[in-house]
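Shown next, in structure tokens, is the structure this report addresses.
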Amino acid sequence: GAITAIIGGAIRAVRDKGYRLYTRGLNISMRRTYVPGEKMHCDFCGRTMPIRDSEGGAGFDAQVFVSVLGHSNYVFAKAVASQKVHDWNDCHVSAFAFFGGATTWVVSDNLKSAVTRRTPEELVINKSYRECLAHYGATAAPRRARKPRDNAKAESAVQFVQRSILFGLRNMTFFSL
């Protein structure tokens, strides 16, 4: 009786420890479901589009903004001159016009155009961006820092745009946005 209980307890402890070690190595994720019109995920592509000056002067690299609706995966993309606040806000206005309305939440990265300051205790949204979203009845919900899974919809939409649109345009020369 007593010896069997001791051995059984030792076996369970080893099994439980092994299971914990096993699950620690797994890359576990959870499938998310979205309500229509609730969330729009947005991000900038890592790849840029070269825009050349038609007179032979110096060109610039256009940033590509991508947004996707959470429920339908409907994608919007727009090339802009920079990732500055006025371009960031303009991209949102264009996305809302393209989608035919605004969502309740806008999930984005923590770029300076969206988030002024973020600490574990405090989140300060850029005033101009907050006012832009408030005009449309939307609220900013920036993802946590260094947690790309929080905005996986935007990351997969960026990948889609880079592979299907930017790849097809890679050998073309553009002179304006």
Side-chain angles (χ1 to χ4, degrees), residues 28-51 60-170 172 174-177:
I28 298 173
S29 63
M30 183 176 84
R31 183 177 178 87
R32 295 183 183 205
T33 56
Y34 296 97
V35 176
E38 182 183 38
K39 288 185 180 179
M40 178 179 83
H41 302 263
C42 53
D43 197 2
F44 277 104
C45 284
R47 292 190 165 209
T48 58
M49 288 181 51
I51 307 293
F60 65 96
D61 288 332
Q63 306 293 318
V64 180
F65 171 84
V66 177
S67 64
V68 59
L69 294 179
H71 180 74
S72 65
N73 290 331
Y74 197 35
V75 177
F76 168 79
K78 180 179 181 176
V80 291
S82 70
Q83 293 186 15
K84 294 182 180 173
V85 178
H86 63 278
D87 286 325
W88 177 250
N89 290 343
D90 180 56
C91 288
H92 282 73
V93 170
S94 299
F96 293 149
F98 176 79
F99 292 135
T103 57
T104 307
W105 297 96
V106 177
V107 182
S108 68
D109 284 344
N110 288 298
L111 74 159
K112 283 292 183 190
S113 297
V115 178
T116 305
R117 183 175 61 251
R118 182 170 197 140
T119 64
E121 301 82 29
E122 170 181 49
L123 172 67
V124 180
I125 305 295
N126 184 301
K127 184 179 183 232
S128 174
Y129 180 51
R130 187 176 61 243
E131 289 172 355
C132 175
L133 291 181
H135 175 76
Y136 288 95
T139 306
R143 70 173 177 84
R144 296 175 294 169
R146 293 178 291 285
K147 300 285 184 187
R149 285 188 184 169
D150 288 357
N151 204 7
K153 283 275 186 187
E155 301 300 335
S156 62
V158 163
Q159 188 178 52
F160 169 75
V161 168
Q162 287 181 163
R163 290 181 178 173
S164 62
I165 298 172
L166 297 181
F167 182 77
L169 300 175
R170 72 188 183 284
M172 297 180 150
F174 296 95
F175 297 102
S176 69
L177 289 173

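By convention here, the first residue in the shown sequence is residue 1.
Using modelled atom types, one side-chain atom of Gln162 and one backbone atom of Gly46 make a donor-acceptor pair closer than 3.5 Å. Between the side chain of His71 and the backbone N or O of Tyr34 there is at least one donor-acceptor pair closer than 3.5 Å. Side chain of Lys153 to main chain of Gly70: a donor-acceptor pair is present (N/O by atom type, distance under 3.5 Å, no hydrogens or angles).
Nearest heavy-atom pair across Cys91 and Phe76 is O-CE2, 3.9 Å. Across Ser113 and Val85, no two heavy atoms sit closer than the pair OG-N, 3.3 Å. Contact between Ala157 and Val75 at its shortest, heavy atoms only, is CB-CG2, 4.2 Å.
Partners of Asn126 according to the side-chain hydrogen bond (donor to acceptor under 3.5 Å, both in side chains) rule, which considers only residues two or more places apart in sequence or in another chain, do not exist here. Looking at residues two or more places apart in sequence or on another chain, you find a side-chain hydrogen bond (donor to acceptor under 3.5 Å, both in side chains) between Arg118 and Asn110.
Annotation: the span from Cys132 atom SG to Lys127 atom NZ amounts to 13.5 Å, rounded to 0.5 Å. Met40 CE to Phe99 CZ: the interatomic distance, rounded to the nearest 0.5 Å, is 6.5 Å. One distance of note links CD of Glu155 with CZ of Phe160; it measures 15.5 Å at 0.5 Å rounding. Remark: Ser82 OG to Asp61 CG distance equals 12.5 Å, nearest 0.5 Å. Atoms OG1 and CD1, from Thr116 and Ile125 in turn, are 7.5 Å apart once rounded to the nearest 0.5 Å. Here CZ of Phe44 is found 6.5 Å from CD of Gln63. Values are rounded to the nearest 0.5 Å.
Among the candidates Arg143, Lys39, Arg144, His41, the single residue satisfying the side-chain hydrogen bond (donor to acceptor under 3.5 Å, both in side chains) test with Asn151 is His41.
Side-chain atoms of Asp43 and Val66, non-hydrogen and from C-beta on, never get closer than 4.5 Å to each other. Within the 4.5 Å cutoff, side-chain heavy atoms of Met49 are placed close to those of Leu166. Looking at heavy atoms from C-beta onward, Tyr129 lies out of side-chain contact with Val115 at the 4.5 angstrom threshold.
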Check: Given Asp90 and Lys78, is the side-chain contact (heavy atoms from CB on, under 4.5 Å) satisfied, shown in steps?
Finding: CA-CA 10 Å; Asp90 180 56; Lys78 180 179 181 176; 2.6 Å; yes
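Annotation for Arg146: atom CZ does not count as buried by contact number, only 12 or fewer foreign heavy atoms lying within 6.0 Å.
Ring-plane geometry between Tyr74 and Phe98 is classed as parallel, the angle between the planes falling under 30 degrees on a 0 to 90 degree scale with a further cut at 60. Ring geometry for Phe65 against Trp88 counts as perpendicular: the plane angle is over 60°, on a 0 to 90° scale with 30° as the lower cut.
A salt bridge links Arg32 to Asp150: one of the charged nitrogens lies within less than 4.0 Å of a carboxylate oxygen.
Figure legend: Arg163 and Phe167 shown without cation-pi pairing, the cationic atom not lying both under 6.0 angstrom from the six-membered ring centre and within 45 degrees of its axis.
Ring pair His135/Phe96: centre-to-centre distance not below 6.0 Å.
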